[in-house]
Amino acid sequence: MVTPAISAASTTKTAELDATLHAIGFEIDELSASLVSGHLLVTSKCCQPFKVLHGGVSALISEALASMGAYLACGMKRVAGINLSIYHLKSAQLGDLVVVEATPLNLGRTIQVWEVKLWKTDPSSMKKKQLISSARVTLVCNLPVPDTAKGVSQMFHKYAKL
């Protein structure tokens, strides 16, 4: 796992690859066909009224990271999520740092399954992690890329470990 460090490069990377993740403050750290990781400082932008991370935000992050990994793993063909299952095990409070890793469980020709784990961490010691959510994302892959999305691969070539 890459130690999260907020930098202009990771901010730009996230902004270019996924505007919605960027809007909630999520930063992509690593991007490859075998691992997509990142981090989020829990702020009021991503909390429910009880000052804890909104479960929908965890689901959003899970599907987004699995989709990016699947896109890279299938040779930058279009992918679409067809199932998302997520378990919320613990809460993350306002101010907590959440780290996320998405890894493939099955890389089939037409169907991929990715596992996504979210942990809250103590920023002073990145070794201490508590699992807060676990998700499984199933995606259909190798779909044709529409003409309106042909430029997407250039952004991924710019940031991904290929």
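All heavy atoms count here, side chains included; hydrogens, waters and symmetry mates do not. Along the sequence shown, the residues carry numbers beginning at 1.
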Chi angles and distances behind the side-chain contact (heavy atoms from CB on, under 4.5 Å) call for L118, S62: CA-CA 8 Å; L118 293 85; S62 296; 3.7 Å; yes
Would you say the side chain of L97 lies within less than 4.5 Å of the side chain of W119, judging by non-hydrogen atoms? no
Derivation and outcome, side-chain contact (heavy atoms from CB on, under 4.5 Å), residues Q130 and T121: CA-CA 7 Å; Q130 286 186 307; T121 64; over 6 Å; no
Going by heavy atoms in the side chains, are V152 and V145 under 4.5 Å from each other? no
Nearest heavy-atom contact between A59 and L84 is CB-CD2, 3.7 Å
I'd like to know whether L139 forms a side-chain contact (heavy atoms from CB on, under 4.5 Å) with N83, so could you lay out the CA-CA distance, the side-chain angles of the two residues, the decisive distance to 0.1 Å, and finally the verdict. CA-CA 7 Å; L139 305 106; N83 189 55; over 6 Å; no
Separation between SG (C141) and CD (Q112), nearest 0.5 Å, reads 4.0 Å
Distance from C46 atom SG to Q48 atom CD, nearest 0.5 Å? 11.0 Å
Going by atom types only, do S133 and H88 share a side-chain donor-acceptor pair under 3.5 Å? yes
List the steps and the verdict of side-chain contact (heavy atoms from CB on, under 4.5 Å) for L60 and I24. CA-CA 10 Å; L60 166 77; I24 62 168; 3.9 Å; yes
Looking only at the side chains, is there a donor atom on one of S91 and Q93 sitting less than 3.5 Å from an acceptor on the other? yes
Does some side-chain heavy atom of E30 sit less than 4.5 Å from a side-chain heavy atom of E101? no
Using a 4.5 Å cut-off on heavy atoms from C-beta on, say whether the side chain of V57 contacts that of F26. no
So that I can tick it off, tell me whether E16 and K158 are bridged by a salt bridge, with the cut-off set at under 4.0 angstrom between side-chain N and carboxylate O. yes
Ignoring hydrogens, what is the shortest heavy-atom contact between A102 and V116? Give both atom names and the distance. CB-CG2, 3.8 Å
Should L40 and V100 count as side-chain neighbours, where that means a heavy-atom distance under 4.5 Å? no
Is V137 reachable from L105 through a run of I, L, V, M, F, W or Y residues, each pair having side-chain heavy atoms under 4.5 Å apart? no
Ignoring hydrogens and angles, tell me if any N or O in the side chain of N142 forms a donor-acceptor pair with the backbone of R78 under 3.5 Å. no
Kindly compute the distance separating CG (L72) from OH (Y159), expressed to the nearest 0.5 Å. 14.0 Å
Spatial distance of atom NE2 (H157) from atom CE (M155) [nearest 0.5 Å]: 11.5 Å
With clusters defined by side-chain heavy atoms of hydrophobic residues (ILVMFWY) lying less than 4.5 Å apart, directly or transitively, does M76 cluster with M68? yes
Just by modelled atom types, is the K120 backbone N or O under 3.5 Å from a matching donor or acceptor in the K129 side chain? no
Closest contact, heavy atoms only, A66 versus W114: CB-CB, 3.7 Å
Could you check whether any side-chain heavy atom of D96 comes within less than 4.5 Å of a side-chain heavy atom of L53, counting everything from C-beta outward? no
Minimum heavy-atom distance between A23 and K45, given as atom pair plus value: O-CD, 3.4 Å
The reported gap from CG in L21 to CG in L65 (rounded to nearest 0.5 angstrom) is 6.5 Å
Non-hydrogen side-chain atoms of C47 and V52 separated by less than 4.5 Å: no
V140 reachable from L107 in the ILVMFWY side-chain graph, under 4.5 Å edges: no
Check Y71 against K77 and note the closest heavy-atom contact, atom names and distance. CD1-O, 3.1 Å
Using a 4.5 Å cut-off on heavy atoms from C-beta on, say whether the side chain of V113 contacts that of P104. no
Quick check for you: to the nearest 0.5 Å, what is the distance between L17 atom CG and T12 atom OG1? 10.5 Å
